[in-house]
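Working notes for the structure below.
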Amino acid sequence: MDDDFMTRFFENDKDCTQFVLQIILENKKLKVIDTVAQKNVKNLEGRSVRLDVYAKDNKGKPYDIEIQRADKGAGAKRARYNSALMDADITVPGEDAKNLPESYVIFITENDILGKGLPLYHINRIVEECNFPFGDESHIIYVNGKYEGDDPIGDLMHDFHCKKADDMKNKILADRARYLKEDEKGVKHMCRIMEEMAKEERKEAVRERDIQVATKLLKQGKLSDKEIMELLGFNEKQMKEIKENVLVLA
């Protein structure tokens, strides 16, 4: 259940990501067409977020899969925030909100943080007065990492806790783990990815700070676009994107 390893486990591996989603959603027909590890979702007015594993299926539905060892990293408002930013990330200015696709935020947690002993917890909005589904198609699911049942979810959680590929029950996951942990080429690949991730995190932190500074300066109107570009090192394309977001948020 190591966060960093599990995130990289699914990076650019549509088959493994698809397999996990099919089990959690009990949908063998689900087809993943794209998966990205550590996807950055920007929020110019507040805290941006880095999604552990972002996937999209052949119907355009987005999925955020978060692997969490620490309970505090999987709180209800974290799920709400991720869901909101994921919606904002796929929204095109001027597009009707009714075109928003169905979305899923899935937390796979080391502990049973909701404490009811269930393998899965599905969170969906309802109209309280009549217990009727609200129908906004925004779904949050918690997967209990402590669950040890003799079923697909139990087998999946067993594999998430295994240190050795030979002890895993699902062949597709075992093969991936064996490659990353035991194959010389896979081990080198993992080490290189972890180094690149550390560099990218440092670079993203600096860029996010500069974007926030540029946004504030634009709103103050005391400096020209050229002066802001020279001060923070943005090119014309980057400056245009920042200004467009400022207009959207105004």
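As the structure is a prediction and not an experimental result, all values here were calculated from the model.
With sequence neighbours excluded, the residues forming a salt bridge (charged side-chain N to carboxylate O under 4.0 Å, His left out) with D13 are R176, listed by chain and number. Partners of K237 according to the side chain to side chain contact (heavy atoms under 4.5 Å, CB included) rule, which considers only residues two or more places apart in sequence or in another chain, are N235, E241. L100 meets the side chain to side chain contact (heavy atoms under 4.5 Å, CB included) test with D87, I90, T91; sequence neighbours excluded. The salt bridge (charged side-chain N to carboxylate O under 4.0 Å, His left out) check on D15 picks up nothing, with sequence neighbours excluded. Qualifying side-chain hydrogen bond (donor to acceptor under 3.5 Å, both in side chains) partners for S103, counting only residues two or more places apart in sequence or in other chains: none. With sequence neighbours left out, K56 forms a salt bridge (charged side-chain N to carboxylate O under 4.0 Å, His left out) with no residue at all. Considering only residues two or more places apart in sequence or on other chains, D175 meets the side-chain hydrogen bond (donor to acceptor under 3.5 Å, both in side chains) condition with K171, R178.
Listed here is the closest heavy atom pair of C16 and F9: SG-CE2, 4.1 Å. Across every non-hydrogen atom of K163 and K181, the tightest pair is O-NZ, 2.9 Å. Shown here for A74 and T109, the closest heavy-atom pair between the two residues is CB-CG2, 3.8 Å. Across Y147 and I153, no two heavy atoms sit closer than the pair CD2-CG2, 3.8 Å. Of all heavy-atom pairs between V32 and A55, the closest is CG1-CB, 4.3 Å. Of all heavy-atom pairs spanning L232 and D210, the tightest one is CD1-O, 3.5 Å.
Annotation: side chain of I106 is in contact with side chain of L21 (closest heavy-atom distance under 4.5 Å). A 4.5 Å side-chain heavy-atom check between I108 and M157 finds at least one atom pair inside the cut-off. Inter-residue side-chain proximity for Q68 and D52 is flagged as met; some heavy-atom pair is nearer than 4.5 Å.
In terms of hydrophobic clustering, with Ile, Leu, Val, Met, Phe, Trp and Tyr side chains grouped at heavy-atom distances under 4.5 Å, I140 and I126 are assigned to different clusters. No chain of hydrophobic side-chain contacts below 4.5 Å, direct or via other Ile, Leu, Val, Met, Phe, Trp or Tyr residues, connects L51 to V36. Residues I33 and V53 are members of separate hydrophobic clusters, defined by side-chain heavy-atom contacts under 4.5 angstrom among Ile, Leu, Val, Met, Phe, Trp and Tyr. Both F19 and L120 are assigned to one and the same hydrophobic cluster, defined by single-linkage of ILVMFWY side chains at heavy-atom distances under 4.5 Å.
Residue pairs meeting the ring-ring contact (aromatic ring centres under 6.0 Å, His included) criterion with at least one member in residues 84-106, sequence neighbours excluded: Y63-Y104, Y104-H139. Every pair passing salt bridge (charged side-chain N to carboxylate O under 4.0 Å, His left out) that includes a residue from residues 25-41 is listed here, sequence neighbours excluded: K39-D89. Pairs engaging residues 130-159 under the salt bridge (charged side-chain N to carboxylate O under 4.0 Å, His left out) rule: R125-D136, D155-K169 [sequence neighbours left out]. Listed by first then second residue, pairs satisfying ring-ring contact (aromatic ring centres under 6.0 Å, His included) with a partner in residues 214-242 number zero, not counting sequence neighbours.
In this pair, F107 and Y142 present their aromatic rings parallel. The plane angle is below 30°, not in the 30 to 60° band.
We find the CD-NZ distance between Q212 and K216 to be 6.5 Å, quoted to the nearest 0.5 Å. Separation of atoms CG (N27) and CG (D57) is listed at 8.5 Å; rounding is to 0.5 Å. Here CD of Q18 is found 8.0 Å from CD1 of I172. Values are rounded to the nearest 0.5 Å. Interatomic distance, CD1 of I242 versus CE of M229, reported as 9.5 Å (0.5 Å rounding).
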Q: For side chain to side chain contact (heavy atoms under 4.5 Å, CB included), just list the numbers for M239 and L218, CA-CA rounded to whole Å, side-chain angles, deciding distance to a tenth of an Å, and then say yes or no.
A: CA-CA 10 Å; M239 194 64 193; L218 282 168; 3.7 Å; yes
Q) Please walk me through it: do L231 and L217 pass side chain to side chain contact (heavy atoms under 4.5 Å, CB included)? A) CA-CA 11 Å; L231 177 65; L217 291 173; 4.0 Å; yes
**Q.** Residue pair T17, Y54: steps toward the side chain to side chain contact (heavy atoms under 4.5 Å, CB included) verdict
**A.** CA-CA 9 Å; T17 304; Y54 177 85; over 6 Å; no
Q: Give the intermediate values and the outcome of side chain to side chain contact (heavy atoms under 4.5 Å, CB included) for residues D225 and K240.
A: CA-CA 9 Å; D225 291 1; K240 181 180 178 182; over 6 Å; no
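The hydrophobic cluster around V127 extends to F132, F134, counting ILVMFWY residues whose side-chain heavy atoms fall within less than 4.5 Å of a member.
Remark: the backbone N or O of L118 is paired with a side-chain donor or acceptor of N144 at under 3.5 angstrom. With hydrogens and angles ignored, the 3.5 Å screen pairs no side-chain donor or acceptor of R69 with any backbone N or O of E110. S138 places no side-chain N or O within 3.5 Å of a backbone atom of N124 that could act as its donor or acceptor partner.
For the side chain to side chain contact (heavy atoms under 4.5 Å, CB included) with I24, the qualifying choice from I65, L30, I141 is I141, the only one to do so.
Within 6.0 Å of CD in E236 there are 12 or fewer heavy atoms belonging to other residues, nucleotides or ligands.
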